[in-house]
Amino acid sequence: MSGSGLETRDQAEWFTQPVRGIARPWRDELARRLADVDALGRGERDVVLEAGHTALLRSLHAKLSRLFLIELHALRLTAGDVGTAGAGEPVTDKETWSAFIEQASDPGYLDRLAGRYPSLGRRIASVARLSVAATAAFATRLAADRSLLAPLLGRSPGELRAVGFGAGDSHRGGLTVSRVDLAGGSVMYKPRPSGIDVALGALLDELFADFPGAPAADERIRVPRTLAREGYGWAEFVPHRYCVDDAELAAFYRAVGHWLAVLRFTGGTDMHAENMIAAGPVPVIVDAETLFDAPAPFPPGDRGDAVDVAAAAIRRTVLRTGLLPVRGTGFALGGVDISGVGALPGQQPLIPNPVIADGGTAAARFQVDLVAMPATGNHPSPTPVLSTYWDRILTGFREMTAHLHRPGRDPYRLLQRFEGTQARRIRRPTQAYVDIGRMLWHPASLHDEAAAVERARDILRRNAEVLPGAPADRATLDSEIADLLAGDVPMFTFAVDATSVHDTVEDWRTADLALEEAVIQDALVGAYLNERSLPARVQAAARDPHARDRERRRRDLAAQMVRRLCDGAVRGADGTVTWISPVFTPAGWSIRVLPADLYTGQGGVALTLAEYLTEVRAGRADDIPGVAETFEGALRVLLGTEDRTPTPSAGAFSGAASQVWTWLALHRVLGEDSLLERAAERARLLTEGAELVENDIEVDLLNGAAGAIVPLLDLATATGQDRWLAAAAHIGRRLTGLAALDESGARWTTRLNPEGIGGFAHGATGIGWALARLALSDAGSVAERDGWRHLAQQAFAFQESLWRPGQGNWLDVRIGAEEDFFTSWCHGSAGIGIGMLDLHRRTGDPVHLDMAERAARACAAEGFGWSHTLCHGDLGLWEFLTSLGFGDPLDLDAEILTGLEQRGPVGGLAREAFSPSLMSGLAGVLHTLLRMHPAADLPNCLLLD
């Protein structure tokens with residue numbers, strides 16, 4: 001790879017020569033073991049020998065590369081001290097490399113390292129011994145079972161042609177799932193009990209025997225045909241095939257819904273992308289060992305009982321099957337979706353991958369590159385458009401769930417066939433084991449194994465404190481570490497018994513099906529990182545909009561919305577209140593208990609409830625029982641969440657600044673001094689030197705440090721304390737240093753948009769607006785304020801460089817475009833117009849007014865009928881056009897009122913799924929209806945006003 005110090009060769013080749021020397025005695029041992037398997041021909045034994053030897057080489061290379069690099073650098077330092085090679089010639093990096101490879105390939109090399117790495121020889125021997133034993137066992141089993149494999153192949157197996165060890169993690173002494181290629185076809189070798197796969201296949205056969213409108217036999221869900229042997233099994237190899245047309249695609253996603261229902265019934269988990277193969281219209285689960293899993297109870301938290309109840313409810317849903325999109329939160333897999341139906345191409349962040357840079361020279365070293373997630377065979381199309389078939393998935397789930405609930409059907413009898421089979425329980429994430437295993441093979445750990453083991457034990461113990469179900473007892477921890485020292489991923493299994501069946505059935509019987517369906521709908525949004533990748537929006541403007549009886553309709557709709565908001569809440573026995581919803585995070589959308597933020601979080605919902613109560617007291621809204629109690633419970637959860645969970649960013653809508661603004665807005669609405677004190681308390685997260693500001697990589701208004709400027713200025717005004725002006729000025733200086741300037745103006749590169757974009761929420765206009773507001777304050781020096789004003793003008797110049805007169809709108813330059821021109825608040829003309837209108841009112845600058853008026857014309861030209869959201873729908877348009885006085889205000893009200901009456905509240909990315917949020921859901925609808933009254937004096941969240 002040019003420019004990176006990497007060549008295109010496989011990094012595993014760099015230390016192949018010394019690794020081969022280390023593995024040679026074990027190759028000889030494997031050859032001796034295989035010679036005893038008489039039922040395999042000589043050529044077949046050679047195939048197994050090469051496959052086993054190759055697997056061992058790869059395993060040892062991965063484990064020893066860091067040690068080789070350390071020793072290489074030690075030799076390099078020695079060569080540097082000597083200064084010459086031979087007759088006065090300097091020692092080159094390549095010569096040092098060659099000298100090291102020669103030394104490391106010497107048969108006595110490991111013995112010479114024993115003083116520095118006392119456990120090295122023993123550890124290598126353990127890994128190699130297990131690898132040899134696992135390979136020899138495979139050969140013995142193939143020889144014994146070959147004649148039994150014909151039903152899996154549909155023909156005589158014939159001669160062994162190839163075998164690939166390592167198709168999955170290594171468990172229990174180097175055992176891995178392996179593909180076996182025979183003359184008569186391919187099978188999969190599974191070195192684990194396979195009775196559970198056979199039982200699941202039998203269950204599916206029975207369910208589809210009387211399934212109403214059953215799909216054709218070759219289009220229904222299935223598992224591979226399996227031959228179960230004592231302690232292991234052989235399974236049919238299922239080749240991946242793309243669907244040939246829309247009919248097959250529709251059948252595939254309906255079948256995914258069937259799988260969701262069956263897995264919910266059987267307590268299935270861990271059905272990630274590698275465990276499902278798309279065989280045309282049939283999603284085939286190829287590894288079904290993780291059934292009858294009981295979600296481990298979380299210990300009670302300290303955010304309120306409602307949070308515990310909501311979290312427990314989520315853990316019981318189909319979300320735990322692993323089929324639905326869920327994005328990782330750890331370092332290595334942060335934002336990655338590995339789900340069975342997700343993991344969409346183009347919707348995955350790059351992941352860190354350790355590679356050897358400058359291999360072949362003495363400068364060789366490990367470095368972490370960002371690489372794309374490898375493709376798997378779970379997709380039915382090379383360019384899957386999951387969002388097109390959301391409804392088919394939900395339909396399949398509903399019809400199979402109804403089939404399982406048919407009168408007279410005995411769920412216990414259906415599941416009794418699994419009794420006596422062996423199932424697996426995932427007690428820790430595999431990635432955690434991978435990271436700890438890598439640490440245990442680090443040269444420092446090989447130097448002092450006892451210290452490394454204690455460190456690993458401590459990590460596992462602390463992991464168990466935050467991960468329910470993870471073991472914490474000393475004996476189990478030591479067993480896990482023993483597996484990791486030998487290169488295996490620990491595995492926990494149990495025998496399915498009558499109790500397992502009973503608990504699984506009762507969990508299924510008491511499921512909240514409405515919540516299950518909502519989670520399916522909500523979770524599918526999480527497959528997409530960028531809303532521009534969603535299908536084209538469908539405009540459905542109100543039919544014959546009118547403003548007759550406007551006030552009664554406004555009040556009635558507001559009452560409906562607040563009832564729905566209260567009815568959708570999760571309530572705790574202690575009076576606390578929260579919600580389950582799609583939540584927008586820096587890693588993408590995910591289903592969870594609401595966080596603290598303003599955008600999709602608890603803060604925005606609590607503020608809206610406070611606004612409703614205020615309007616009731618003013619006589620502008622109907623008194624609805626339970627709203628006050630819901631608000632009080634929600635406020636308690638908001639406090640607990642802010643105090644006890646990490647704040648993810650500095651942003652005005654997702655982070656610490658959103659918390660500051662929420663409490664300022666609550667103070668304005670309710671007038672209580674304690675609320676202002678709380679705003680100041682949260683603002684400490686934004687002062688100079690604070691991690692959220694100094695380490696901010698988002699920069700923008702919604703997620704980044706730019707979003708903190710206006711809330712800090714407002715806090716300074718409310719409290720009269722200059723310290724908040726100083727904090728805002730520090731952010732202004734940081735934004736100045738991060739600006740990218742060219743002939744088009746100023747823009748800022750961010751993690752989400754590294755190219756730099758326009759727009760209000762994430763782009764140059766929003767950042768420029770914040771800087772312009774900073775320049776109008778008393779923050780900083782006169783010279784600094786002049787600089788911020790000039791930089792803001794350059795940001796607006798960049799936005800203007802995107803103006804396209806022929807379209808009458810600004811170009812959206814985000815990568816992955818489905819549309820080029822938006823009218824939304826977040827990325828379109830409504831947000832640009834709102835910011836420019838605010839600055840015109842503060843400065844009188846006609847340039848700002850001109851931009852606002854052009855934005856209004858763009859919004860009016862596209863019109864209403866998209867969604868009822870503040871961020872990217874009709875409510876944002878209403879807010880802007882009403883503020884500008886563009887058009888008849890009664891006509892604008894009529895669009896919103898009639899649209900809500902005819903369509904109900906329609907969400908944005910989550911479509912019809914319930915979302916309580918302010919910026920993309922129901923709270924935003926209620927907030928707008930309350931602001932619609934002429935006498936209402938409520939905060940404007942779109943402008944942080």
Side-chain angles (χ1 to χ4, degrees), residues 530-541 700-701 740-750 752-769 772 792-840 845-867 869 871-888 891-892 895 908 942:
N530 186 343
E531 70 268 27
R532 297 195 72 172
S533 303
L534 290 167
R537 299 176 298 163
V538 177
Q539 190 173 25
D700 65 14
L701 207 65
L741 302 172
D742 59 25
E743 65 280 358
S744 65
R747 65 189 185 280
W748 285 260
T749 61
T750 72
L752 290 177
N753 299 292
E755 70 277 19
I757 60 172
F760 195 68
H762 298 286
T765 294
I767 299 172
W769 169 79
Q793 291 169 352
Q794 290 176 293
F796 304 146
F798 173 75
Q799 184 68 64
E800 286 289 66
S801 74
L802 305 176
W803 174 257
R804 299 294 182 267
Q807 300 289 336
N809 203 344
W810 292 270
L811 179 67
D812 181 356
V813 293
R814 284 176 294 162
I815 294 173
E818 291 294 334
E819 297 183 40
D820 292 327
F821 301 92
F822 278 77
T823 59
S824 60
W825 169 84
C826 50
H827 288 289
S829 48
I832 295 169
I834 282 175
M836 293 301 102
L837 179 60
D838 176 63
L839 293 180
H840 170 69
D845 189 335
V847 173
H848 298 327
L849 181 60
D850 173 67
M851 287 186 73
E853 289 176 340
R854 279 185 283 142
R857 289 193 290 272
C859 291
E862 184 172 273
F864 291 82
W866 300 114
S867 71
T869 65
C871 179
H872 38 263
D874 291 357
L875 304 186
L877 267 64
W878 177 90
E879 183 67 53
F880 168 46
L881 296 177
T882 300
S883 299
L884 183 61
F886 190 92
D888 187 335
D891 290 343
L892 297 174
E895 288 282 355
L942 296 184

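As a basis for the values below, the full set of heavy atoms in this structure was taken, side chains included, without hydrogen atoms, waters or symmetry mates. Keep in mind that what you see is a predicted model, and the values were worked out from it rather than measured.
Residue pairs that meet the salt bridge (charged side-chain N to carboxylate O under 4.0 Å, His left out) test with at least one member in residues 821-838, sequence neighbours left out, are R773-D838, D838-R842.
Between L701 atom CG and C826 atom SG the span is 12.0 Å, to the nearest 0.5 Å. Atom OG1 in T765 sits 8.5 Å away from atom CG in L802 (nearest 0.5 Å). A distance of 11.0 Å separates CG of D850 from CE of M836, quoted to the nearest 0.5 Å. Distance check: R857 CZ to T823 OG1 gives 15.0 Å after rounding to the nearest 0.5 Å. Rounded to the nearest 0.5 Å, atoms CD (E895) and CG (D874) are 7.5 Å apart.
With sequence neighbours left out, the side-chain hydrogen bond (donor to acceptor under 3.5 Å, both in side chains) criterion links S829 to no other residue. Scored by the side-chain hydrogen bond (donor to acceptor under 3.5 Å, both in side chains) test, T749 finds no partners at all (sequence neighbours excluded). Looking at residues two or more places apart in sequence or on another chain, you find a side-chain contact (heavy atoms from CB on, under 4.5 Å) between D742 and S744, R747. Among residues two or more places apart in sequence or in another chain, the ring-ring contact (aromatic ring centres under 6.0 Å, His included) test is passed with H848 by F796. Evaluation of the ring-ring contact (aromatic ring centres under 6.0 Å, His included) rule for W810 yields W803 as partners, not counting sequence neighbours. Not counting sequence neighbours, the partners of A746 by the side-chain contact (heavy atoms from CB on, under 4.5 Å) test are L741, W748, L791, Q794. Qualifying salt bridge (Lys or Arg N to Asp or Glu O under 4.0 Å) partners for E800, counting only residues two or more places apart in sequence or in other chains: R854.
Counting only heavy atoms from C-beta outward, the side chains of F864 and L892 approach each other to under 4.5 Å.
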Acceptor/donor pairs from residues 879-887 side chains to any protein atom, 3.5 angstrom cut, sequence neighbours excluded:
unit_1 : atom_1 : unit_2 : atom_2 : d
E879   : OE1    : R931   : NE     : 3.0
E879   : OE2    : R931   : NH2    : 2.6
T882   : OG1    : W878   : O      : 2.7
T882   : OG1    : W878   : NE1    : 3.4
S883   : OG     : E879   : O      : 2.7

